[in-house]
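Since the model is a prediction, treat every value here as computed from it, not as a measurement. Here is how names work: the chains are called A, B, and so on, in the same order as the sequence lines, proteins then strands, and each is numbered from 1.
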Amino acid sequence: MANVASTTASAGSELTARALREAVFSGLITLGLFVLFVGLKSDQNIRNELILTQRWGLLAIFVIVAMVGRFLMVAYAQPWLAQRKAAKAAAPEVAKEETFFSRNFSKIAILALVLYPPVIVALVGVQGSLKWVDNFGVQILIYVMLAWGLNIVVGLAGLLDLGYVAFYAVGAYSYALLSSYFGLSFWVLLPVAGILAACWGVVLGFPVLRLRGDYLAIVTLAFGEIIRLVLINWTEVTKGTFGVSGIAKATLFGIKFDASKDGFAALMGLPISSAYYKIFLFYLILGLALLTAFVTIRLRRMPVGRAWEALREDEIACRSLGINTTTTKLTAFATGAMFGGFAGSFFAVRQGFVSPESFVFLESAVILAIVVLGGMGSLTGIFVAAVVMIGGTEILRELTFLKMIFGPNFTPELYRMLIFGLAMVVVMVWKPRGFVGSREPTAFLRERKAVSGSFTKEGHG
Amino acid sequence: MVIETTTMTKDPILKVEHLSMRFGGLMAINDFSFEAARGEITALIGPNGAGKTTVFNCITGFYKPTMGMITMKQKSGDEFLLERLPDFEITKRAKVARTFQNIRMFSGMTVLENLLVAQHNKLMQASGYTVLGLLGFPTYRQAAKDSTELARHWLEKASLIDRADDPAGDLPYGAQRRLEIARAMCTGPELLCLDEPAAGLNPRESHALNDLLQSIRAETGTSILLIEHDMSVVMEISDHVVVLEYGQKISDGNPDFVKNDPRVIAAYLGVEDEEVEEVIEQIEEIEGEHGGTKQ
C-alpha cells in the first residue's frame, strides 16, 4: 500500500473495485459464520417444545456491518494509515518539545485534587457533592493508593503478587476489630494496621522467597484466599460472612462528624450533612495516597529502592554485588503490604462495615491490572490508569440515557468487566508497556534522560 | 598425576585446596588445588567444558563445592572460608567480586545507576538502613555524593563517562563488558574474578581491556583471577597461568612454562593415538627435570 501516495485515477478505481470484492468476500464469510448462530435461534415454547426462531433481519444487519466495515477499511482506512506511516518515515525525527502541561503534570494533578471538593460543592451544592466526592473521588483514590502500594512489589521489585488484597483485608480488619473490641481511635490504629499488614507481608515473604515467576504468583494468590477464608470461618472473632459493622468513624483532632452539639457541622455553624465527613475522608485518603507517592519517590533514590529495581533487572547480578536478595525482597513485600494496610484501615473507616466479600481475588486482579496498564513503576501512569479504570466503571452507572436506546432493562454497570477487559486488550496492543512505559532514572551525572521501556525488564518473580 | 603447585607464593590471596564438585554422576572438578598470589593476575585456562566456570562459581558462592576448602586472605589478615559463606557475603565481607561469561547488566538502569547499585552495602549503612536517608540526614547525602564520585572515577577508567546517563542495555557489547568490570570494582574488591572478559571483543577492544586490567592492578592493588580463551590476553597480562582439563589441573606456572608444556599442547591441539606414548614419555621427562630443579 506504500505506493498509494501516487494515486492516479485508474489506481483509485482499481482500489474501489478491490474494496468491493473484499467486502463481498467478508460478507459471505460473515454469512457463513453467523447463519447458525444468529440467523436461527433454538428456543423453548410454552409447551416445552424446541422451536426454531428465524432472525434473518438481524443476520442481515451483521452481514451489512461486516461488508461496509471491510469496504471502508480497504478503501479508506488502510491507504490513510499507509500515507501517515510514509509521511512519518519521511519527516525527520524532531525532538518532541515537552508542553507545560506534561512537564508539570504531577503538580497540576495534585492542585486539581486539592481543589476538587470545593469546586464540586460550588457546582452542585453540598448535598449533591456527596456522590461526586465519595463515589468518584474517594473510591478512585483508594485504588490509586492500593496500586501505588502494589507498584513497589510488582513495578519496582518485579515480584508478581496476585494476593495483594490480603494486606488490604488485614488493614481493614485490624481497624475494625481493634476499634470495636478495644475502642481505640482511628489515628492510633492507622499505623497499627500498617505495621500489622507489613508483618503479614514478611510472614508471607519468608516461605515464598525461593519461588520465582509463575510459582510466586500462585502462592501469593493462595495466600490471599487463605486470609479471606480465615476471615469467613473464624466466626468468634470476625463474625464470619456477616462482617463487622458499626465501625467507629474517624475524627478530626477529636471533632466528631455527627449531628451532636460538638460535632463538626455544629461547631462550624454549618447545616448538618454527611457530605462534610465525605470531604474529610477525601482529604484523608488524598493525604495517605500522597504519602505513599512521596515515600516511593524517596525510596527509589535510596540504596534499597535501587536494589529493588536491580532485583527486577537481574537477581544473580545483584547477589554477585553483595546485595542480600532475601532481605531486599522482604522489605519490598513489607513496604507494599504496609501501604495496603493503611488503605485497608481507611476502607474500614469509610464504609463503617467490613466483610470478607470486599476482599475477593477480583480486587487483587483489578489492582494489578491498574499497575500493569499504568506502566510498571510509573506513579503518574498508575494514577491515570486508576482514574480511567475506576472512574470509567463508576461513570457507567451514570449513563442512564443508554436505557433509552437499549430499553429499560439495560443496566450499563453489568458490562463493567466486559469493558474493563476490552480496555485492557486495547491498551496492551496500543501501548504494551502501559501508559507510561519509560523509566525515570534515580541519579544522573549530566542530564536526566528517561530510560525507554524496551530496556527495562518485568522481573522474574 | 596431580602436580604439586609449582608457584611458591609467599602471600597467597586465594588458596583453593582439594576442590571437588560433583553434579550427580558427573565429576566436574576433581581434586583441584591452586593458589592466586596477592597483587598478581592469575589466569585459569582450559578447553571448553574443562570446569573453569564451575571453579568460579564455587569461589563466588554460586555453587557449594562437594569437597575442598577455599580460603580468602585479605590484606588486613582476615581469613574467610568462602565455601561456607552465602554468595552475597562473599562480595560483601570477603571482598571477592565477579563478572559473568554472559554479561549480566541491569539493562533498564542507567550506567551510573549500575555503579551505584554496586555500592549498595556502603550506602545502606550510610543511610541508616534507609531510615535516616528517608528523613534526609546529611550523612547519607554525603555518602551518596562520594559514591557518585567513585562511580565517575570508574567510568572514566572504563572510558564510559560519555554514556553515564544512558541505559546500560543501550551500550555496545564491548562497552557492556567494561561496564561490568567497572561495576565489580565499585564493590571495592580485593580479588576480582573475571569470567571471559575478552569474549566477543575485537583485537582493539581486547587491547584496551588489557590496559584496563593492568591499570586496575597497578592503581588499586587488586588481585585478578580470570578465565580466558583469548591467548593474546592471557599471555600478555597474566603473571601465572593454571590449566584445567576435565576438572583436573594439568599445568601450573608462568605463561612461558605453560605455553611449552606438552600436556597443555596435547590438551588444546589433541594428539594422534600413536603419539600418546611419546607424549607421556616426554611429559615424564620434563616432570623429572622440573622436580629436579625444584629441589
Side-chain angles (χ1 to χ4, degrees), chain A residues 155-156 158 291 294-329 331-332 334-335 376-377 433 437-459, chain B residues 60-62 86-93 95 97-100 103-114 116-127 129-130 133-136 140 143-144 147-148 151-152 155 161-162 164-170 180 183-184 186-187 189 193:
Chain A
L156 296 184
L291 176 79
F294 175 75
V295 171
T296 310
I297 291 169
R298 284 306 281 269
L299 279 178
R300 275 195 65 209
R301 292 178 194 156
M302 296 280 125
V304 70
R306 284 202 198 104
W308 288 339
E309 292 200 78
L311 198 65
R312 177 192 68 201
E313 299 287 323
D314 195 323
E315 186 178 341
I316 290 179
C318 271
R319 298 212 308 250
S320 85
L321 296 174
I323 295 172
N324 186 343
T325 50
T326 312
T327 52
T328 307
K329 282 184 188 175
T331 51
T335 316
M376 299 209 291
R433 290 266 165 179
S438 60
R439 175 182 168 275
E440 189 91 339
T442 60
F444 60 95
L445 275 187
R446 286 199 208 107
E447 54 168 331
R448 195 185 286 280
K449 292 189 241 176
V451 176
S452 148
S454 54
F455 294 115
T456 50
K457 301 205 173 81
E458 294 91 359
Chain B
T60 51
F62 284 82
D87 47 18
F88 70 92
E89 295 224 319
I90 289 181
T91 310
K92 188 177 168 184
R93 291 176 48 213
K95 302 208 174 297
R98 75 167 291 179
T99 66
F100 295 89
I103 307 175
R104 289 185 172 276
M105 244 13 355
F106 304 128
S107 55
M109 304 174 88
T110 66
V111 170
L112 177 68
E113 282 179 302
N114 267 272
L116 292 180
V117 170
Q119 302 174 55
H120 176 80
N121 290 313
K122 198 172 65 186
L123 286 172
M124 202 68 181
Q125 224 158 22
S127 70
Y129 296 91
T130 314
L134 212 53
L135 299 174
Y140 173 65
S147 61
T148 312
R152 187 198 294 274
L155 285 176
I161 193 80
D162 295 332
D165 298 322
D166 289 333
D170 202 16
E180 214 186 9
R183 189 177 69 180
C186 276
T187 62
C193 301

Side-chain ([X]) to main-chain ([Y]) donor-acceptor, under 3.5 angstrom:
X: B:Gln119; Y: B:Ser147; value: yes
X: A:Arg433; Y: A:Ser438; value: no
X: A:Asp314; Y: A:Ala310; value: no

Given heavy-atom pairs under 4.5 angstrom as the criterion, report whether the side chain, backbone, both or neither of [X] touches chain A.
X: B:Asn121; answer: side chain
X: B:Leu155; answer: side chain
X: B:Ser107; answer: both
X: B:Arg183; answer: both
X: B:Leu112; answer: side chain

Heavy-atom pairs under 4.5 Å with chain A are the metric here; pick the option from [options] that has the most.
options: B:Leu116, B:Thr60, B:Thr99; result: B:Leu116
options: B:Leu123, B:Asp170, B:Thr187, B:Ile90; result: B:Asp170
options: B:Arg152, B:Arg93, B:Met124, B:Met109; result: B:Met109

Under the criterion side chain to side chain donor-acceptor pair (under 3.5 Å), I'd like the reasoning laid out for A:Trp308 against A:Thr335: C-alpha separation, chi angles, the key distance, then a yes or no. CA-CA 12 Å; A:Trp308 288 339; A:Thr335 316; 6.0 Å; no
Residue part contacting chain B, namely of A:Arg439, when any heavy atom lies under 4.5 Å: side chain
Minimum heavy-atom separation for B:Ala151 to B:Cys186, with atom names? CA-SG, 4.4 Å
Knowing that exactly one of A:Glu313, A:Arg306, A:Glu309 qualifies, which makes a side chain to side chain contact (heavy atoms under 4.5 Å, CB included) with B:Phe106? A:Glu313
Are B:Phe62 and A:Ser320 packed together at the side-chain level, in the sense that at least one heavy-atom pair is separated by less than 4.5 angstrom? yes
